[in-house]
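In what follows, a structure is listed as structure tokens, so that the remarks can point back to it.
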Amino acid sequence: MSAAQPASPPPSDFEQLVMGIATSAMLNLGAIPDPDTHLKHVNLALAKHSIEMLVMLAEKTRGNLNASEDGLLSRLLADAQRRYAAAAP
């Protein structure tokens with residue numbers, strides 16, 4: 001019997017970086033369940049930190065992204081900001 005091979009990691013590219021940070025924001029906004037516990041939780045401080053990271057990426061990469069990267073970052077950032085505004089007191 002051979003041991004199961006671990007899954008290959010996703011590609012290391014800008015879109016994966018943005019998706020990882022946005023997923024953290026959504027997890028901490030309670031929009032998606034924790035993959036380990038399958039429960040939703042809200043931690044607005046961590047969600048805000050993830051959103052601020054996306055804002056920083058948008059500012060630092062302005063004019064240097066291709067259309068796909070720019071569109072993805074813009075859409076995910078806008079969605080996270082909208083959800084945060086609805087959740088924050």
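Predicted model only: the values in this text are computed from it and were never measured. Position 1 is the first residue of the sequence, and the numbers go up from there. FYI, side chains are in, hydrogens and waters are out, and symmetry mates aren't considered; it's all heavy atoms of this structure.
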> For the atom pair CG (L44) and OH (Y84), what is the distance rounded to the nearest 0.5 Å?
Replying inline: 5.5 Å

>> Does atom CE (M19) have a neighbourhood of more than 12 heavy atoms from anything else shown, all under 6.0 Å?
In response: no

> CD of Q16 to CD1 of I21: how many Å apart, nearest 0.5 Å?
Replying inline: 11.5 Å

>> With rounding to the nearest 0.5 angstrom, report the OG to CE distance, S24 to M53.
In response: 9.5 Å

>> Under a 3.5 Å distance rule, please check whether E69 uses its side chain to pair with a backbone N or O of N66 as donor and acceptor.
In response: yes

> Should R75 and D79 count as an ion pair when the cut-off is N to O under 4.0 Å?
Replying inline: no

>> As a quick check of understanding, evaluate side chain to side chain contact (heavy atoms under 4.5 Å, CB included) for N43 and L27, giving each step before the final call.
In response: CA-CA 9 Å; N43 185 326; L27 178 70; over 6 Å; no

> Can you name the nearest heavy-atom pair linking A87 to L29, along with the distance?
Replying inline: CB-CD2, 4.5 Å

> Which atom pair, heavy atoms only, marks the closest approach of A58 to L77?
Replying inline: CB-CD2, 4.4 Å

> What are the two closest non-hydrogen atoms of E15 and S68, and how far apart are they?
Replying inline: OE2-OG, 2.7 Å

>> If the condition is side chain to side chain donor-acceptor pair (under 3.5 Å), which residues does R62 pass it with, not counting sequence neighbours?
In response: none

> How many angstroms lie between CD in E52 and CG in L57, if you round to the nearest 0.5 Å?
Replying inline: 12.5 Å

> Between CD1 of I32 and NE2 of H38, what distance do you get to the nearest 0.5 Å?
Replying inline: 12.5 Å

> Is there a path of hydrophobic side-chain contacts, each under 4.5 Å between heavy atoms of I, L, V, M, F, W or Y residues, that connects L46 with V18?
Replying inline: no

>> Using 0.5 Å steps for rounding, measure from the NE2 atom of H41 to the CG atom of N28.
In response: 4.5 Å

> Just wondering, do T61 and F14 contact through their side chains at under 4.5 Å, heavy atoms?
Replying inline: yes

